[in-house]
Amino acid sequence: VRAYSGDVKGVLEVAEFEELVEKTCFSLSCDYQQYKVVKKIISEQPVSELSEDFSEEVSLAGKIPESEYDAFSALVFERTNGKVCVARK
């Protein structure tokens, strides 16, 4: 136990902790014109593990706290004039 106590203490000092929050995976696709709008919304939200795929359309996927999903989905739909819908994965 003594041999490892210093190592454990060192790891705990540099470790990053975050509150355990239930998250929902989401995905959406949009055209390049709507991408800037969607990206701005995402930057204002607690989105994690965001991935982007650029082809004919832009596909985005990530995770958002379950409690924020409905508001996030509604905001994307509203600000894109109903052109982009967020889907649960």
Side-chain angles (χ1 to χ4, degrees):
V1 172
R2 287 186 200 127
Y4 295 108
S5 64
D7 293 336
V8 170
K9 184 178 178 183
V11 168
L12 290 174
E13 288 175 357
V14 298
E16 294 181 22
F17 297 94
E18 67 179 62
E19 183 180 347
L20 182 60
V21 175
E22 184 177 355
K23 295 183 179 177
T24 297
C25 295
F26 72 87
S27 64
L28 61 90
S29 294
C30 62
D31 61 27
Y32 284 86
Q33 185 177 15
Q34 295 295 330
Y35 173 70
K36 286 184 179 183
V37 174
V38 172
K39 189 68 173 181
K40 176 145 178 50
I41 295 167
I42 287 174
S43 72
E44 298 168 349
Q45 302 295 316
V47 171
S48 61
E49 299 180 36
L50 182 66
S51 65
E52 301 173 320
D53 181 43
F54 298 90
S55 56
E56 288 183 28
E57 289 189 323
V58 181
S59 298
L60 298 113
K63 293 183 178 182
I64 191 163
E66 177 65 35
S67 61
E68 303 286 331
Y69 176 82
D70 289 336
F72 170 67
S73 179
L75 189 60
V76 169
F77 188 79
E78 177 186 316
R79 289 200 188 160
T80 61
N81 297 317
K83 294 179 182 174
V84 179
C85 294
V86 179
R88 291 181 195 265
K89 283 179 81 178

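Ile42 is connected to Leu75 through a chain of hydrophobic side-chain contacts under 4.5 Å among Ile, Leu, Val, Met, Phe, Trp and Tyr, so both are in one cluster. No continuous path of ILVMFWY side-chain contacts below 4.5 Å connects Val21 to Phe17, so the two sit in separate hydrophobic clusters. In terms of hydrophobic clustering, with Ile, Leu, Val, Met, Phe, Trp and Tyr side chains grouped at heavy-atom distances under 4.5 Å, Val37 and Phe72 are assigned to a common cluster.
Rounding to the nearest 0.5 Å gives a distance of 10.5 Å between OG of Ser67 and NZ of Lys23. Glu49 CD to Lys63 NZ: the interatomic distance, rounded to the nearest 0.5 Å, is 4.0 Å. Separation of atoms CD (Glu66) and SG (Cys25) is listed at 10.5 Å; rounding is to 0.5 Å. Rounding to the nearest 0.5 angstrom, the gap separating the OG atom in Ser43 from the CD atom in Gln45 is 8.5 Å. Expressed to the nearest 0.5 Å, how far CZ of Phe26 lies from CZ of Arg88 amounts to 12.0 Å.
Nearest heavy-atom pair across Val84 and Ser29 is CG1-O, 3.8 Å. Taking all atoms of both residues into account, the shortest heavy-atom contact from Glu68 to Pro46 is CG-CG, 4.0 Å.
Contacts of Phe54 classified as side-chain contact (heavy atoms from CB on, under 4.5 Å), with partners at least two apart in sequence or in another chain: Tyr32, Tyr35, Glu52, Val58.
Screening Leu28, Thr24, Ile41, Leu60 for a side chain to side chain contact (heavy atoms under 4.5 Å, CB included) with Val86, the sole residue that qualifies is Leu28.
In this structure, the side chain of Thr80 engages the main chain of Val76 through a donor-acceptor pair within 3.5 Å.
Note on Arg79 versus Glu44: salt bridge recorded, some NZ/NE/NH1/NH2 to OD/OE distance being below 4.0 Å.
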